[in-house]
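Everything numeric here is computed off the predicted structure, so don't read it as measured data. In what follows, chains carry the letters A, B, and so on, assigned in the order in which the sequence lines appear, proteins first and then strands, with residues in each chain numbered from 1.
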Protein chains: 4
Amino acid sequence: MNDSRNLESQMSDGAREKAMHDRTERGADKRRLILDAAITVFANKGYHATRISDIAQHAEIAYGLVYHYFKNKEKILDTIFLERWGGFIDAVQAIADDERGVEEKLLSIAAVTLTAYRRRPEWVKILVFEIQRTQRFADPDRVRVVGQLFQLITRILREGQERGELREDLDPALACSIFIGGLDIVVTNRVLDLVKIEGDENAYYVKIARTVVDLFLNGMG
Amino acid sequence: MNDSRNLESQMSDGAREKAMHDRTERGADKRRLILDAAITVFANKGYHATRISDIAQHAEIAYGLVYHYFKNKEKILDTIFLERWGGFIDAVQAIADDERGVEEKLLSIAAVTLTAYRRRPEWVKILVFEIQRTQRFADPDRVRVVGQLFQLITRILREGQERGELREDLDPALACSIFIGGLDIVVTNRVLDLVKIEGDENAYYVKIARTVVDLFLNGMG
Amino acid sequence: MNDSRNLESQMSDGAREKAMHDRTERGADKRRLILDAAITVFANKGYHATRISDIAQHAEIAYGLVYHYFKNKEKILDTIFLERWGGFIDAVQAIADDERGVEEKLLSIAAVTLTAYRRRPEWVKILVFEIQRTQRFADPDRVRVVGQLFQLITRILREGQERGELREDLDPALACSIFIGGLDIVVTNRVLDLVKIEGDENAYYVKIARTVVDLFLNGMG
Amino acid sequence: MNDSRNLESQMSDGAREKAMHDRTERGADKRRLILDAAITVFANKGYHATRISDIAQHAEIAYGLVYHYFKNKEKILDTIFLERWGGFIDAVQAIADDERGVEEKLLSIAAVTLTAYRRRPEWVKILVFEIQRTQRFADPDRVRVVGQLFQLITRILREGQERGELREDLDPALACSIFIGGLDIVVTNRVLDLVKIEGDENAYYVKIARTVVDLFLNGMG
DNA sequence: CATGAATGAGTGTTCATTCAT
DNA sequence: AATGAATGAACACTCATTCAT
């Protein structure tokens with residue numbers, strides 16, 4: 001990841017400027033301005049409905065400057081994807097690599113996912129809606145990259161099976177899909193406002209994370 | 001549903017002509033031609049990338065005729081949505097209303113969903129990618145209609161809890177989301193070709209349906 | 001004039017059916033239906049904004065039937081023009097031919113014009129706006145026909161000069177233009193609602209006719 | 001008037017560049033190019049028959065550039081209207097405000113009107129045909145602005161009555177309409193080529209102006 | 001780096017007109 | 001005569017991308 005800010009560090013809002021010296025101060029500034037503007041606008045209007053001029057206006061920079069930093073509109077989306085998803089994958093990787101048990105790992109992943117959404121719903125909107133779906137036929141790289149998440153979680157599950165923490169009669173890849181699907185739809189529901197929240201948002205997300213993992217491990221029966 | 005052909009009946013390809021008397025024979029023919037062409041093209045190229053001329057060419061009709069039957073491009077998508085989703089909801093409704101236990105009902109729903117995908121992947125592609133996501137801000141009706149599925153399944157789960165077939169400590173609405181999410185991602189994975197199938201497709205889907213429900217009811221632990 | 005109903009007879013709303021035997025009863029019926037509908041719709045929406053389907057709907061006949069009676073959209077306008085304008089010219093011709101003095105003749109013409117507007121503003125709208133202006137380059141016939149009105153009034157003025165009722169130092173053609181212009185703009189003003197009417201409309205128009213002629217004959221000085 | 005070039009100054013073709021600093025040099029250039037092209041094409045083909053590509057070709061610029069300077073086709077017409085009519089109204093205002101008698105004022109107005117037509121018949125065509133008529137229901141502003149001319153001339157007449165220069169038994173608003181109508185139809189006649197000119201055009205117009213005012217003041221009787 | 005004017009291909013939509021029945 | 005489905009040319013408008021300065 002050229003810009004290795006994962007979701008965790010994004011959460012704690014660590015020193016932003018530090019990471020910005022792969023390019024000129026001002027250049028990187030503008031580049032970041034564009035990306036941040038793009039994230040907002042993509043999330044609000046959707047990728048297709050977003051015009052380059054929208055991004056430029058929101059970033060308060062000149063129209064044509066966008067093309068100094070990005071080859072075209074799609075590259076902007078690509079960059080956002082790589083940056084955000086990369087950060088997310090790094091976080092999941094760290095969780096997968098630590099020494100805790102399966103339950104703790106899954107809880108961490110659920111928490112990271114849901115908290116990320118709570119703090120930066122725009123990113124998640126873009127990840128969920130714009131990238132997975134919009135250009136799905138265009139870029140096989142994109143698909144492969146999304147696959148990383150599945151591989152990491154599948155590995156966690158397989159290790160759990162090997163350690164005897166999980167049933168061994170289920171395909172870990174399929175179980176992984178279902179776990180991710182559970183998280184995904186919870187986020188999707190929020191985006192679509194199918195489920196209304198009452199009370200403390202934070203507690204709500206923690207509870208959801210627990211429930212998802214509880215259900216995944218112990219079942220509804 | 002004005003056009004009450006649900007996914008099941010669509011599968012068995014029951015008498016098609018019978019439903020065609022809300023319009024002139026020829027008119028309905030052309031209308032259907034357009035819809036079928038649209039389903040194919042939307043699924044292949046995506047809604048945004050599809051030109052009206054693509055649909056007309058694929059249906060082998062004149063360009064302008066499309067606008068004889070549909071007010072505009074979006075209405076075509078709308079019609080597909082209502083037709084297909086309506087059929088699907090009817091099928092789920094029937095399952096929810098029968099007298100079997102929770103496990104059987106969930107199995108049926110999973111089977112219907114997955115089989116529908118196996119037989120008409122284009123429809124599901126359109127349902128999953130083009131409608132749920134693309135136009136999400138435009139039409140609140142759309143969101144509400146998708147919500148029907150959640151309500152039906154939530155009801156099944158709540159009744160299961162009341163009959164003592166299911167744990168009562170979990171919110172049925174949330175559990176419902178997670179169940180749907182499991183199915184959804186499985187379909188999505190197929191669409192995205194993240195998971196490769198080996199051997200008999202049919203058996204594969206049956207096994208998946210069982211696994212999803214097994215995991216949902218008994219958990220991974 | 002194949003349909004020789006002039007503005008005067010239109011005013012008195014004489015037996016309508018009588019004139020309709022140059023064609024089949026029903027055929028002429030439909031033809032008339034279309035023309036009447038066209039007059040209304042052209043006056044409301046303007047020629048360009050009027051679609052054939054608007055006319056058909058308003059006439060409560062089938063879409064394609066319009067093309068049985070009229071070669072194309074423009075022919076409908078043409079027919080209205082010839083019919084209405086022809087009637088109007090006939091009325092002016094009768095006035096020009098009678099034995100009264102110039103003042104009486106001009107008063108009659110002004111009265112006919114303004115009353116026609118009062119009773120059938122749609123016709124006048126079409127005459128004034130749609131025909132004189134819209135298609136002016138298309139049909140030289142149209143221009144020639146409008147010229148008839150000028151010729152008739154010019155003749156009246158020239159005769160007045162010869163009889164010593166009018167000044168002889170002014171070009172009668174130019175004076176004619178100015179007289180017509182006075183009437184025209186008064187109608188136009190009404191159409192554009194630049195001038196608001198208070199009290200009895202009828203008396204208002206009679207007074208205007210008198211004023212126009214008074215001013216034309218005696219001047220403002 | 002933001003672009004205060006009235007018909008008189010347009011006639012004398014005063015320093016053009018001076019007025020051009022509300023926009024960038026080049027920008028204003030192109031904008032003007034478009035407007036000038038539009039005036040020509042609108043006058044030749046009529047507003048409705050004019051395609052954006054006609055304007056672009058005539059201005060020798062790229063198609064899309066038209067939309068850089070004008071929101072849409074109608075705005076181009078609007079701009080021409082405001083610019084030209086505004087200039088015309090300014091000229092009439094100046095005449096109304098000076099200290100001469102009614103006859104001189106009316107003569108000036110007639111001369112300005114007719115001379116404007118002689119020098120720039122396209123503008124008058126557009127003013128007379130395209131704007132007053134075409135969009136009459138759309139923009140109430142348009143009607144109001146045309147009303148300004150009536151108000152100015154009505155004021156002149158009313159003042160003439162107060163000074164005893166004019167008869168007081170006629171409604172000045174109505175007299176104003178008739179005066180304008182006389183001028184209008186004279187212009188219209190030229191446009192329609194109902195009246196043929198022989199000899200010196202200039203003298204012709206001067207004579208007409210005199211005749212119109214003479215007739216208006218002294219009458220035909 | 002920065003600006004925003006310039007370009008022009010692309011596409012949804014309209015609607016007069018024709019045609020088969 | 002009557003119907004309305006079928007046709008397809010036409011056109012306004014959008015917007016990603018390039019370019020001159």
Side-chain angles (χ1 to χ4, degrees), chain A residues 23-27 29-31 48-57 61-76, chain B residues 23-31 48-56 60-76, chain C residues 23-31 48-57 61-76, chain D residues 23-31 48-56 59-76:
Chain A
R23 302 207 172 226
T24 323
E25 272 300 320
R26 296 196 57 203
D29 248 9
K30 291 288 171 71
R31 194 184 145 87
H48 269 108
T50 297
R51 285 155 297 171
I52 297 293
S53 66
D54 291 329
I55 297 174
Q57 266 176 36
I61 58 155
Y63 190 95
L65 194 55
V66 174
Y67 284 88
H68 262 283
Y69 292 99
F70 300 93
K71 185 174 185 297
N72 55 32
K73 193 176 160 185
E74 172 148 18
K75 280 291 169 214
I76 301 176
Chain B
R23 304 214 169 222
T24 323
E25 274 300 317
R26 296 194 56 202
D29 254 6
K30 292 290 170 71
R31 194 185 144 86
H48 271 108
T50 296
R51 282 156 296 160
I52 296 294
S53 65
D54 292 329
I55 297 174
E60 294 180 305
I61 56 156
Y63 191 102
L65 195 57
V66 174
Y67 285 90
H68 200 75
Y69 291 100
F70 300 94
K71 189 176 185 300
N72 55 32
K73 195 176 161 186
E74 173 150 17
K75 280 290 169 217
I76 302 176
Chain C
R23 303 205 174 227
T24 322
E25 271 301 318
R26 296 195 56 203
D29 247 11
K30 291 287 171 70
R31 194 185 144 86
H48 270 108
T50 296
R51 285 155 296 170
I52 297 293
S53 67
D54 291 329
I55 298 174
Q57 266 176 35
I61 57 154
Y63 192 93
L65 193 55
V66 174
Y67 283 88
H68 261 282
Y69 291 99
F70 301 93
K71 186 175 184 296
N72 56 32
K73 192 177 160 185
E74 173 148 18
K75 280 291 169 215
I76 302 175
Chain D
R23 303 211 170 224
T24 323
E25 274 301 318
R26 295 194 56 200
D29 255 6
K30 292 290 171 70
R31 194 185 144 88
H48 271 106
T50 296
R51 283 155 296 163
I52 297 294
S53 65
D54 292 329
I55 298 174
E60 294 180 304
I61 56 156
Y63 188 101
L65 195 56
V66 174
Y67 286 89
H68 201 73
Y69 289 101
F70 300 94
K71 189 175 184 301
N72 55 32
K73 195 176 161 186
E74 173 151 16
K75 279 289 169 219
I76 302 176

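Between the CZ atom of A:R51 and the C1' atom of F:dT17 there is a distance of 16 Å, given to the nearest Å. Taking atom CD1 of C:I52 as the reference point, atom P of F:dA5 lies 17 Å away to the nearest angstrom. We find that CD of A:Q57 is positioned 14 Å from P of E:dT3, with the value rounded to whole Å. Taking atom NZ of residue C:K75 and atom P of nucleotide E:dA16, one finds them 17 Å apart after rounding to whole Å. In this structure, B:I61 atom CD1 and F:dA5 atom P are separated by 13 Å, rounded to whole Å. Atom pair C:H48:NE2 and F:dA10:C1' shows a separation of 13 Å (rounding to whole Å applied). As a whole-Å value, the separation of A:F70 CZ from F:dT18 P is 16 Å. Between the P atom of F:dC13 and the CG atom of D:N72 lies a distance of 5 Å, rounded to the nearest Å.
Expressed to the nearest 0.5 Å, how far CZ of D:R31 lies from CD1 of D:I76 amounts to 10.0 Å. The line from CZ of C:F70 to CG of C:N72 is 10.5 Å long, rounded to the nearest 0.5 Å. Residue B:K73 holds its NZ atom at 9.5 Å from CZ of B:R51, rounded to the nearest 0.5 Å.
Looking at A:H68, its side chain comes within 3.5 Å of the base of E:dA2 through a donor and an acceptor atom. A donor-acceptor contact under 3.5 Å is not formed by the side chain of C:Y63 with the base of E:dT18.
Nearest heavy-atom pair, C:V66 versus C:A56, reported as atom, atom and distance to 0.1 Å: CG2-CB, 4.2 Å. Of all heavy-atom pairs between D:I61 and D:L65, the closest is CD1-CB, 4.0 Å.
For C:V66 and D:K71, each mapped to the nucleotide of DNA chain F holding its nearest heavy atom, the one lying further toward the 5' end belongs to C:V66. A residue-by-residue look at B:G64 and C:G64 shows that C:G64 has its nearest nucleotide of DNA chain F further toward the 5' end. Nearer to the 5' terminus of DNA chain E, by closest-nucleotide assignment, is the contact made by B:S53 (compared with the other of B:S53 and C:A49).
The side chain to side chain contact (heavy atoms under 4.5 Å, CB included) check on A:Y67 picks up A:I52, with sequence neighbours excluded.
Nucleic acid contact for D:L65: base, since at least one base atom lies under 4.0 Å from a heavy atom of the residue.
The side chain of D:Y67 places no N or O atom within less than 4.0 Å of a non-bridging phosphate oxygen (OP1 or OP2) of E:dA6. Regarding contacts with the backbone of E:dA5, every side-chain N or O of D:Y69 stays at 4.0 angstrom or more from both OP1 and OP2. Side-chain N/O atoms of A:K30 include one lying less than 4.0 angstrom from OP1 or OP2 on E:dA2.
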Exercise for the section: Could you summarise the pairing of DNA chain E as dot-bracket text, marking Watson-Crick and G-U pairs under 3.5 Å with ( ) or [ ] inside the strand and | across strands? Expected result: .||||||||||||||||||||
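Taking atom P on both F:dT21 and E:dC1, the two are 23 Å apart, rounded to the nearest angstrom.
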